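Report on the structure given below.
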Amino acid sequence: MALKMVKGSIDRMFDKNLQDLVRGIRNHKEDEAKYISQCIDEIKQELKQDNIAVKANAVCKLTYLQMLGYDISWAAFNIIEVMSASKFTFKRIGYLAASQSFHEGTDVIMLTTNQIRKDLSSPSQYDTGVALTGLSCFVTPDLARDLANDIMTLMSHTKPYIRKKAVLIMYKVFLKYPESLRPAFPRLKEKLEDPDPGVQSAAVNVICELARRNPKNYLSLAPLFFKLMTSSTNNWVLIKIIKLFGALTPLEPRLGKKLIEPLTNLIHSTSAMSLLYECVNTVIAVLISLSSGMPNHSASIQLCVQKLRILIEDSDQNLKYLGLLAMSKILKTHPKSVQSHKDLILQCLDDKDESIRLRALDLLYGMVSKKNLMEIVKKLMTHVDKAEGTTYRDELLTKIIDICSQSNYQYITNFEWYISILVELTRLEGTRHGHLIAAQMLDVAIRVKAIRKFAVSQMSALLDSAHLLASSTQRNGICEVLYAAAWICGEFSEHLQEPHHTLEAMLRPRVTTLPGHIQAVYVQNVVKLYASILQQKEQAGEAEGAQAVTQLMVDRLPQFVQSADLEVQERASCILQLVKHIQKLQAKDVPVAEEVSALFAGELNPVAPKAQKKVPVPEGLDLDAWINEPLSDSESEDERPRAVFHEEEQRRPKHRPSEADEEELARRREARKQEQANNPFYIKSSPSPQKRYQDTPGVEHIPVVQIDLSVPLKVPGLPMSDQYVKLEEERRHRQKLEKDKRRKKRKEKEKKGKRRHSSLPTESDEDIAPAQQVDIVTEEMPENALPSDEDDKDPNDPYRALDIDLDKPLADSEKLPIQKHRNTETSKSPEKDVPMVEKKSKKPKKKEKKHKEKERDKEKRKEKEKKAEDLDFWLSTTPPPAPAPAPVPSTDECEDAKTEAQGEEDDAEGQDQDKKSPKPKKKKHRKEKEERTKGKKKSKKQPPGSEEAAGEPVQNGAPEEEQLPPESSYSLLAENSYVKMTCDIRGSLQEDSQVTVAIVLENRSSSILKGMELSVLDSLNARMARPQGSSVHDGVPVPFQLPPGVSNEAQYVFTIQSIVMAQKLKGTLSFIAKNDEGATHEKLDFRLHFSCSSYLITTPCYSDAFAKLLESGDLSMSSVKVDGIRMSFQNLLAKICFHHHFSVVERVDSCASMYSRSIQGHHVCLLVKKGENSVSVDGKCSDSTLLSNLLEEMKATLAKC
Amino acid sequence: MIQAILVFNNHGKPRLVRFYQRFPEEIQQQIVRETFHLVLKRDDNICNFLEGGSLIGGSDYKLIYRHYATLYFVFCVDSSESELGILDLIQVFVETLDKCFENVCELDLIFHMDKVHYILQEVVMGGMVLETNMNEIVAQIEAQNRLEKSEDQVLG
């Protein structure tokens, strides 16, 4: 042993250490690769030795090589060996190598679980620290799940050094194992108030990262953060918190109001630029969220803009950059306050720093208006000429196009000017954005009908000019514009002045040097051009001219037939044959023009890029359904294993198709027609009156084409956009004069030039009417297109999984898995103790601790819930809404319940008829009278199987008939002096995740209430079904108005994902109360409580089916007992039936079995026993959480009895 | 979140490469090269922020760097980090290096890459800022060095 040690250290002396390796590499500059491969061989030898020191040294060298780009994944196992060394020195080397090279794909990573767990619980804080650091870099979902609990324990470690690391790493754990978020969150929150500033900062850091992705779940922490913000002096923490508030304010405007003051104070007081900057940023965010109706915040905006101006004018380039960045945020909501600094921003365009120029460009984008567009673009064009470096020039180019085309060309008053700008841009050398210019040309020419004539003349000039062709081979970017030019000239050939000339230009031999796809367009459009020339000539009776054109085609087309590009070749040979055929006909003096132009009849309409996606799926068409049922191996296999009841299996016969068949088909046919009509690629049966234009005014503004030979770069025949600037100014001036005159003349006619439907002119803009009477054709969308934008969401967003409601109480199933320790085995052979990943049953030793933890958690939770409710109070300046009192149970209610229960029982055999009616059963209690009689009648025809069950309620219902006014299941939601809201929540069996919330609004005031809107803050689990197209933050209108004293009911559907837990949603009813004195805006906050019982649907059940269900054994069990109950057993049962939607299956003496079913098909069975003064309820349910929550609710009900 | 921390010299030789998101080695090298070319052509008197572009992550990411004598320190961060804050953090990191190596120079980084990593680990962990107080950082590093030394003595 001792000898081995000695031998080992001798070996070590001869080994290269890291420094030797580095030195060696530096001395072998010529053959570095060779030298390194030699070193790697040595390292491989070293790794084979037993001595851990040698191994560690080798791994250390590997880490260096990894930095140089060498893959060291082959040594992963050796790295693990070094990680498991007992000495910190080696362990650290191992973990460093692992953190640099391990990733989710490293297969041996699962061998590390136990080693890491051992290190985490090591008595040395640095062992733990190094393990945490390493793990933070290579944590995988498996590791996260297995170690989450260990790390959570470390969050309460005695050493702040460990605590802060444990807190930070939790973020990584959450990302990989989102289930851990809810159990760990209370402790994380606790760390916000840790005595150690480092730990506090880490907790802030983690929560900020979490909240940044899913801010709404962290709103309830706002008061805590607010406190931290006003108390903390650590700038780093302050910055994080202020950034977080920036993310929260959009969700809660009231928060913003509260923030403005302390933030403004900070802005004035702080000397740290970083903090000042973040404060300004958040104030901006607040102002954005408050944007409307806040006149007194103009001071804040001014303060921000003023501070930013100071930043921008600073000599420090960093501050300048950030100032511009923040300015662009203000611009979005308060463009006016930024526009006054236009001088400063244009000045930044001249800055030597590209980043700053780019930021300034961004700002310009938002600053344009109809008035200054031409001026700004002119400025940009001069920059394009000056710019060195293609990237910046390309950026300028895209910006020019962006600026001009933004919001549907809103700011362009003169499209001739725009076209000439585009044409000027084609002179840019070496740009990558030819296709962008081309797309703009096409778009403008297609959508602005009035400009086509001008566009065609410009495009033909482009086709004619040689400069684009000449450059096509070297600089492939810009020749893309020829694609557009060729197409425009072809498609709108009737506007060409010299079609023959253009035709020849397009048939030049040089064209064949263009890329294939452009040639293909050339070929196709040559024919269009040819067709229109042919028509002209024939109409003019120039048969010879027509034949000459044909001859030209026949002569020149073969050059395309020889093309190597398949598309070009195919089109060319096809067309060549066609033309040859025409030639033959022409020789016989047959008029052909009509037929040739018929080839291109019809007009192409622009279609929105997302149109296809937005075609709504017709009702009744299920795209996921099988067209042909797949062959199943065994028919007997039960597709719905939970369905135990006979009726249930029959309950879902395929009803729908047959009833809808006829209309369905007709409707689809209609829809198809409709769609075809809208689809430009369908040639309509009746050719549309093609290419007819309303008129083309503004012709007088087309300038005489100038040929400026003094500037060599300028393409002859292309007008300079500058002329338009002048012309436009003159025109505007003239227009203004005219308008003034007109205004005097006919003031009563309020027909101001609102000819452009797409623009939203500001008041100053409105004065400027566009030069051409422009009709911007909007892009077509399918009928009833879905306006949703969900296609923008990335389904693979890793942060989506962390969108978790943190205010919900923790369920047992959510506890972090705790694994058994098995760390006593030798760490030499880690394969042996590969941890099993499945959730092991909890170790008894830990149970106690765990229990305590649970208790603690519970307390925390309570506290937190309280706090969440406090948020409203904290935020609101008005007193918080009165809590909705729980419905006071009274005997009359029981009576109702009984009758209802009876009704339900009776309905059992009525199921067959009722099966499909989606009418919620609960409605029945309102028509209880009729229900009652009906029930009695029906009860006579009970099937023998359910005699007992049916007999019971009748018996029950008999005695206490001394009823008070009928009580309803509607519970009070909220009320104020204007309105009282009561609501009832009903599940429906048809939709397994939907409940209908019926809200009755009663007007108690003397005003008329209108414009009522309901906005509900969705949670992860419960969402309000909103009309298509409205966002989560939009309110949903109430479909009626309420005159004084009137009440009405509105129903809203909510989609619930998991029904096993009760759920609270906050909401606000906003309305306008109008009376003789005037109208006021009012608000009423409420809190919708979805109890678990509201997800149950009273479902009758026969005793034999019930027995079968109990026998099946896949139900979990739980029970409660309530003491001090004096109510009679019948009444108790009735109460349970009514409030919790159960039905009695069987009753024997003081013992009854009851059944209900949730909207998602959970079975709930109860055995209710009455003792002397107590009631015990044993429940069985297919979901244990649901059951325990239900029993809790039931306990609360019974406790009131 | 910090996505990557790169240190390289005026010739683009990497001295420290720390990614907090997995990239294969060859991509890492490519990113180092591209980043080097991006910052190299920038004058010292222009701003220290660069839009990351195609490098890592996309538009949400920024390169924030500082140039000290022969070395560039580049942090690639997303929008949750304060730009000026990160600049300060780079300063803290460099000052810590200076304290630990006693007048740090490029050679220290060349020959002690592992130590530089250990120092960085006390400043940034898993892409998140762990500690910004220099005294605390130095204290922890020295404690670990002492631990290492004591182990060395046991080894003999």
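Quick note on labels: first sequence line is chain A, next is B, and so on, each numbered from 1. Note that the coordinates shown come from a computational prediction; the quantities given were computed from them, not determined experimentally.
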* Asked: So what's closer than 4.5 Å to chain B heavy atoms on Y126(A): side chain, backbone, both or neither?
  -> side chain

* Is it the case that T70(B) and E106(B) place a side-chain donor and acceptor less than 3.5 Å from each other? -> yes

* Asked: Where does I64(B) contact chain A at under 4.5 Å (heavy atoms): side chain, backbone, both or neither?
  -> neither

* Asked: Do side-chain atoms of R15(B) reach the backbone of I110(B) as a donor and acceptor pair under 3.5 angstrom?
  -> no

* Asked: Taking C-beta and beyond as the side chain, do L16(B) and I5(B) meet within less than 4.5 Å on heavy atoms?
  -> yes

* Backbone N/O of K16(A) and side chain of K61(A): donor-acceptor pair under 3.5 Å -> yes

* In terms of heavy-atom pairs under 4.5 Å with chain B, which of I169(A), I72(A), I239(A), L68(A) leads? -> L68(A)

* To do: Check whether I93(A) gets within reach of chain B through its side chain, its backbone, both or neither, counting any heavy atom under 4.5 Å.
  => both

* Between V17(B), L130(B), L89(B), I27(B), which residue shows the highest count of heavy-atom pairs closer than 4.5 Å to chain A? -> L130(B)

* Asked: Would you call K91(A) and E148(B) a salt bridge, using N to O less than 4.0 angstrom?
  -> no

* Looking at R212(A) and D78(B), does any basic side-chain N land under 4.0 Å from a carboxylate oxygen? -> yes

* Interface moiety of E81(B) toward chain A, non-hydrogen atoms closer than 4.5 Å -> both

* Do NZ/NE/NH1/NH2 and the carboxylate oxygens of D152(B) and K149(B) come within less than 4.0 Å? -> no

* At a heavy-atom separation under 4.5 Å, does L107(B) approach chain A through its side chain, its backbone, both, or neither? -> side chain

* Do you know which of K240(A), K352(A), Q317(A) has the most heavy-atom pairs under 4.5 Å to chain B? -> Q317(A)

* Asked: Heavy atoms, side chains only, cut-off 4.5 Å: are I141(B) and K99(B) in contact?
  -> no

* Using a cut-off of under 4.5 Å on heavy-atom pairs, state which of F102(A), Y171(A), Y277(A), F138(A) scores highest against chain B. => Y171(A)

* **Atom group of S99(A) that falls short of 4.5 Å from chain B, counting heavy atoms** => both

* Structure fact -> Residue from S82(B), P14(B), C47(B), P24(B) scoring the most non-hydrogen pairs under 4.5 Å with chain A is C47(B)

* Asked: Which atoms of E209(A) come close to chain B, meaning under 4.5 Å heavy atom to heavy atom: side chain ones, backbone ones, both, or neither?
  -> side chain

* Which distance, rounded to the nearest 0.5 Å, do you find between the CG of L361(A) and the OG of S328(A)? -> 12.0 Å

* Region of E122(B) in contact with chain A, defined by heavy-atom distances below 4.5 Å -> side chain

* Part of F88(A) within contact of chain B (heavy atom distance under 4.5 Å) -> both

* Between R18(B) and chain A, which part of the residue has a heavy atom less than 4.5 Å away: side chain, backbone, both or neither? -> both

* Name the orientation class of the two ring planes belonging to Y72(B) and H67(B) (parallel below 30°, tilted from 30 to 60°, perpendicular beyond 60°). => parallel

* Among R92(A), M273(A), R26(A), Q19(A), residue most engaged with chain B (heavy-atom pairs, under 4.5 Å) -> R92(A)

* **Passing candidate, side-chain hydrogen bond (donor to acceptor under 3.5 Å, both in side chains) with Y161(A), options K164(A), K165(A), R163(A)** => K165(A)

* To do: If the plane angle is over 60° it's perpendicular, under 30° parallel, otherwise tilted; pick one for F101(B) and H112(B).
  => tilted

* Determine, for E104(A) against R22(B), whether the closest basic-nitrogen to carboxylate-oxygen distance falls under 4.0 angstrom. => no

* Asked: With only heavy atoms counted, which part of V129(B) is less than 4.5 Å from chain A, the side chain, the backbone, both or neither?
  -> both

* Asked: Where does S80(B) contact chain A at under 4.5 Å (heavy atoms): side chain, backbone, both or neither?
  -> both

* Counting only heavy atoms closer than 4.5 Å, note whether Y70(A) contacts chain B via side chain, backbone, both or neither. => backbone

* Asked: Which residue out of T63(A), V22(A), L168(A) racks up the most heavy-atom pairs below 4.5 Å with chain B?
  -> L168(A)

* Asked: Of the listed residues (V206(A), L322(A), L18(A)), which shares the most heavy-atom pairs with chain B below a 4.5 Å separation?
  -> L322(A)

